[in-house]
Amino acid sequence: MLKDLFSRWPVIQQIRTRSAGTGAEAWSDRTRNLKPKTAGCDVSRGVCPYCGVGCGQLVYHKDGELISIEGDPASPISRGHLCPKGANTHQLHTHPGRLKKLKYRRPYATDWEDLDLDTAMGMIADRVWETRERTFEETRDGQSLMQTTAIAHLGGATLDNEENYLIKKLFTGGLGMVCISNQARI
Amino acid sequence: MPGLGTSVGRGGATTAQQSLADSDAILIMGSSMAEQHPVGFQWVVEARERGCRVIHVDPRFTRTSACADMWVPLRAGTDILFLGALIRYVLENDRWFKDYVVHYTNASTILREDYVDAEDGAGLFSGWDDEKKQYTPETWLYEGSEPKQSGGSHAGHHPAGGGHAKDRGGEAGHSEQFETDETLQHPRCVFQVLKRHFARYTPELVERSCGIPKDVFLKVAETYIAASGPQKTGCICYAVGWTQHSTGVQIIRAAAILQLLLGNIGRPGGGILALRGHASIQGSTDIPTLYDILPAYMPMPFFEDDAKNFEAYVKKHTTEAGLWSKFETFMVSFLKAWYGDAATKENQWGFNYLPRVTGDHSELGYWLDMADGKLDGLFVMGQNPAVGAPNGRLQRKAMANLKWLVVRDLVETETASFWKDSPEVERGELRPEDIGTEVFLMPAAGPAEKSGSFTNTQRLLQWHNKAVDAPGDARSELWFAYHLGRMLKERAARERNAKNAALNALTWAIPTRGSVGEPDAESVLAEINGRNLTTGKLLSTFEDLKNDGSTMSGCWIYTGVMPEEGRNRANIREAKDSLGHGWGFAWPKDTRIIYNRASARPDGTPWSEEKKFVWWDSEKREWTGKDISDFKKDMPPDHKGDLSKGGLEALDGDKPFGMHPDGRGWLYVNSGLKDGPLPTHFEPLESPVRNPLYPAHQTNPPTNKKERPDNRYANSPGDPRFPFVLTTYRLTEHHTAGGMSRALSHLSELQPELFAEISPELAELTGISPNDWVTIVTPRALISARALITARMSVLEIEGRQIHQVGLPYHWGWKGLVTGDVANDLLALSQEPNVRIMETKGLVCNLIPGRHPAGHAALDELHELLEERP
């Protein structure tokens with residue numbers, strides 16, 4: 001052990017390798033064992049969720065935790081780059097202000113309260129059903145109408161194609177909701 | 001979208017960002033690309049390094065201008081004047097690409113005798129109904145085109161229409177019937193009409209009204225126009241700086257006319273790059289969460305118009321030539337996707353399960369209904385209208401009329417908590433105790449926590465793969481929609497009546513997995529792609545769709561993304577070339593530059609070696625080259641169109657724009673746009689300047705201002721209470737209404753505070769010092785921001801007087817790590833005639849040094865400034 005210590009002593013290294021003492025020979029064990037935070041991680045191929053450029057992202061994760069989200073050099077569009085927003089996609093997922101619990105506000109209440117997800121889903125289904133029962137029109141002037149204008153939807157440009165497909169299919173194709181819109185116009 | 005859709009056939013960018021590297025000139029206007037699409041901008045930088053000239057036209061000098069060869073400041077709202085002057089310059093100086101224009105556009109098509117141009121109508125085209133405030137397009141049709149008499153309104157001109165459907169492409173008449181004069185001399189041919197229409201858009205007018213000196217304009221014209229012809233191409237990049245105007249669609253039309261005249265569409269380094277702003281906003285119009293369309297731009301049935309029965313609906317929307325002659329096939333296959341076995345030939349394929357459109361069900365339309373207490377419930381998923389929508393005060397007060405509200409997002413947005421801490425509550429206009437809205441705020445999964453596809457600005461589908469589970473209660477929208485649907489369908493199965501018929505008919509068999517029951521996104525994509533229902537096999541091309549119910553496809557323009565089991569092309573990342581073949585899937589058919597037939601001469605050979613892209617291989621008898629051909633692969637260049645065959649074979653072999661019934665790019669749009677067949681300059685709804693060309697019509701005639709007490713406008717032109725022009729925009733470091741950026745410390749640190757950009761001249765005029773508080777007032781609201789005094793805001797000389805402009809980024813709201821007033825409170829809720837988009841880029845305001853008071857006193861001050869009693 002003494003011999004080992006001796007050989008690792010920076011001065012001895014310096015003499016041996018005739019170097020300046022500022023390089024690898026001066027490294028501590030800690031430095032020598034440093035790895036990028038992404039070492040040993042799994043990688044998923046992702047796409048930036050911000051603007052319409054569609055930069056490729058490499059999503060590093062380990063044991064169910066997101067470790068880092070970086071640019072994908074293989075993307076023919078972005079070639080590994082990310083702008084400040086895309087480069088901050090990891091924080092988008094992990095910042096302390098991120099919603100993790102459902103919040104519920106009773107009519108006329110002055111604050112939020114807790115509510116479990118399953119109960120909320122049931123209540124929302126009830127609200128949709130009730131409003132629809134009251135407002136749905138099957139026909140008008142003898143022609144098929146199959147519509148309610150009392151429930152509306154907003155959103156889509158930040159969602160997946162598959163999500164927009166199911167939303168439109170259920171809301172319009174199933175429930176007869178015609179008031180559907182999102183950020184897109186043009 | 002209708003701007004591009006009516007001009008060239010599809011409402012989307014015609015090229016890929018990487019193709020910019022091949023441009024000889026790039027015009028960036030209505031966009032600050034370096035700031036809003038920064039990584040895409042690397043391709044502009046590449047182009048510049050290869051000698052491309054980059055021109056940036058913008059009221060402000062931005063980071064994009066700093067990277068350009070020329071920055072041209074102009075008065076916000078005068079884009080059509082500028083583009084029209086470029087068009088005129090090209091025509092007057094004979095600089096148009098002759099072979100391209102004669103063969104590939106409708107320049108030679110002859111118009112009717114009773115067509116009256118805006119130039120001869122003091123700003124109005126023929127067909128204007130002053131009572132209804134709308135046009136009927138019959139007189140705009142080509143000579144010889146029988147008008148379609150299918151009852152109801154002309155397609156594309158319905159008062160309830162939203163401008164997104166395919167019927168924006170000339171369905172008012174049989175536009176496959178027409179006559180041409182290929183010498184372009186006939187006084188009523190499109191070419192001559194175009195010349196007369198833009199005759200007064202002179203460099204002198206540009207100087208007087210845009211504020212661009214004549215020599216600068218001429219330099220821009222010469223620079224950009226030089227990039228045209230067999231060996232050169234130029235690209236135009238635009239974003240919401242063009243679309244968010246009351247003439248937005250026509251601005252884009254003007255760009256399309258310019259690019260068609262210069263022969264740039266469908267060629268490498270050419271085209272029009274519509275720079276869209278959200279990760280999948282292209283996807284959200286292709287597979288639309290929009291009211292007026294079904295997937296793949298097929299129109300929603302409109303009550304009392306085309307919806308009597310399936311036959312009438314199909315007849316109205318089918319064209320005799322071009323790709324849309326297959327409309328019935330696409331529609332039947334779509335209905336089979338949604339309604340499966342419940343869609344049969346006997347029940348018109350389930351056509352009557354679809355609801356009918358009866359009015360303006362767009363966001364701005366139904367929000368006004370909400371303000372008037374007519375809506376019960378609202379879902380908001382990944383959007384923040386309390387900050388992002390125009391006239392924020394109206395938006396937020398309207399939500400207080402809802403019975404219930406479901407908000408799904410990553411953070412608690414201003415929309416979710418309007419009842420608790422909005423400015424209206426702070427001012428005492430609303431009290432939580434009086435707001436009966438029941439609110440469910442549901443945590444959403446982030447993109448790394450779910451699998452699915454985005455469609456980016458160049459029509460490219462890319463799959464993101466789930467890496468980790470979403471935390472706690474957070475779920476994907478796929479989970480939410482699927483399980484809500486499952487629960488509602490379970491109930492409908494127990495209550496089988498006419499009202500629940502569609503819900504019971506809906507196919508909803510999606511496998512789920514894992515502890516939360518996450519639906520399998522790839523099985524949804526498979527439905528979108530489409531299958532042969534007899535063999536069960538996935539389809540590899542929409543050409544295999546049938547109209548007999550044996551195929552299904554949820555969105556036919558996406559067919560081919562999943563051509564066989566286990567092969568999700570959106571998730572394949574093996575780029576073979578710079579355009580990215582092998583990486584993702586671009587609709588249609590993985591074509592990267594659409595209309596690429598135009599990259600070859602009429603005879604099928606390349607225009608030049610430099611710009612060789614797609615060409616005819618006369619040995620193999622097929623189109624070949626650097627991209628999938630956006631053309632029938634085996635149709636030779638000398639094919640003579642056979643109308644009896646319909647479809648693409650009804651078109652000649654030298655007609656690249658197969659979505660149009662005549663196969664041509666449309667310089668002139670014979671029907672489908674509510675505000676005219678040609679772009680015409682009108683002032684923004686609020687302006688300090690009178691319309692220099694058509695003083696009798698200050699603003700775009702069919703625009704809907706939705707003027708009401710809670711949505712007021714300045715007097716125009718020249719309201720002395722609001723002497724300055726205001727324009728709003730974005731920053732690189734924040735994203736839209738702030739939920740994805742102002743909650744994050746790194747981004748908040750980069751841009752911590754709302755500011756207003758003011759020129760030194762204007763600062764002196766109004767007594768504002770750097771970093772002081774300044775209050776900006778419009779007829780809707782007042783807000784306060786820090787004054788950023790900068791020479792980057794141009795002061796322009798317009799008709800002999802100085803016009804000052806103020807700039808405001810719109811990202812701030814009252815929640816998050818960095819907060820500020822809501823800039824969009826200043827905007828009016830207006831609707832451009834075709835797509836109902838609001839006007840954010842040119843309005844009027846006043847500036848007052850100092851910060852507005854807190855509480856109700858702010859409203860008192862507003863009423864005082866509006867010179868009225870509260």
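Letters go in sequence order (proteins before strands), and every chain restarts at 1. Model, not experiment: these values are computed from the prediction.
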Among all residues two or more places apart in sequence or in another chain, which pass the salt bridge (Lys or Arg N to Asp or Glu O under 4.0 Å) test with A/R16?
none
Between B/Y339, B/W419, B/W367, B/W43, who has the most heavy-atom pairs with chain A when the cutoff is under 4.5 Å?
B/W419
Should the pair A/K103-A/D114 be classified as a salt bridge under the 4.0 Å nitrogen-to-oxygen rule?
no
Do other residues, nucleotides or ligands put more than 12 heavy atoms under 6.0 Å from A/R18 CZ?
no
Quick one: of A/H90, A/H93, A/H81, who has the most non-hydrogen atom pairs under 4.5 Å with chain B?
A/H93
Report which part of A/A109 has an atom under 4.5 Å of a heavy atom belonging to chain B: side chain, backbone, both, or neither.
backbone
Portion of B/A575 that has a non-hydrogen atom of chain A nearer than 4.5 angstrom:
side chain
Does any heavy atom of chain B fall under 4.5 Å from the side chain of A/F171, the backbone, both, or neither of them?
side chain
Looking at A/R105 and A/E113, does any basic side-chain N land under 4.0 Å from a carboxylate oxygen?
no
At a heavy-atom separation under 4.5 Å, does B/I287 approach chain A through its side chain, its backbone, both, or neither?
both
Which portion of A/S75 sits near chain B, non-hydrogen atoms under 4.5 angstrom
both
Side chain, backbone, both or neither: which part of A/Y50 has a non-hydrogen atom closer than 4.5 Å to chain B?
both
Is it the side chain or the backbone of A/R134 that comes within 4.5 Å of chain B heavy atoms, both, or neither?
side chain
Heavy-atom pair count under 4.5 Å with chain B, highest-scoring of A/A125, A/P49, A/G176, A/G54
A/P49
Against chain B, label A/E138 side chain, backbone, both or neither, depending on which of its atoms sit under 4.5 Å from a heavy atom there.
side chain
Structural part of A/V128 lying under 4.5 Å from a heavy atom of chain B
both
Does this structure show an ion pair linking A/R45 with A/D72, if we count only N-O contacts that are shorter than 4.0 Å?
yes
Below 4.5 Å from any heavy atom of chain A, which atoms of B/Q36 appear? Answer side chain, backbone, both or neither.
backbone
A/R132/B/D376 salt bridge by N-O under 4.0 Å criterion:
no
Non-hydrogen atoms of chain A under 4.5 Å away: do they reach the side chain of B/L817, the backbone, both or neither?
neither
With respect to chain B, which residue among A/M123, A/H95, A/R98, A/Q147 yields the maximal number of heavy-atom pairs within a distance under 4.5 Å?
A/R98
Tell me which of these, B/R475, B/M370, B/Q282, has more heavy-atom pairs under 4.5 Å with chain A than the rest.
B/R475
Across all chains, not counting sequence neighbours, the salt bridge (Lys or Arg N to Asp or Glu O under 4.0 Å) partners of A/D118 are none
Between B/K450 and A/E163, does any NZ, NE, NH1 or NH2 come within less than 4.0 Å of an OD or OE carboxylate oxygen?
yes
Polar side chain donor-acceptor pair, A/W112 to B/E412, under 3.5 angstrom:
yes
The interface call for A/C83 against chain B, heavy-atom contacts under 4.5 Å, is both
Top contributor to chain B contacts, counting heavy-atom pairs under 4.5 Å, from A/M146, A/K101, A/E162
A/E162
Is it the backbone or the side chain of B/H483 that comes under 4.5 Å from a heavy atom of chain A, or both, or neither?
both
When only pairs under 4.5 Å are counted, which of A/A150, A/G46, A/S44 shares the most heavy-atom pairs with chain B?
A/A150
Bottom line for A/E65: the part with an atom under 4.5 Å from chain B's heavy atoms is backbone
Charged N to carboxylate O under 4.0 angstrom, B/R408 versus B/E477?
yes
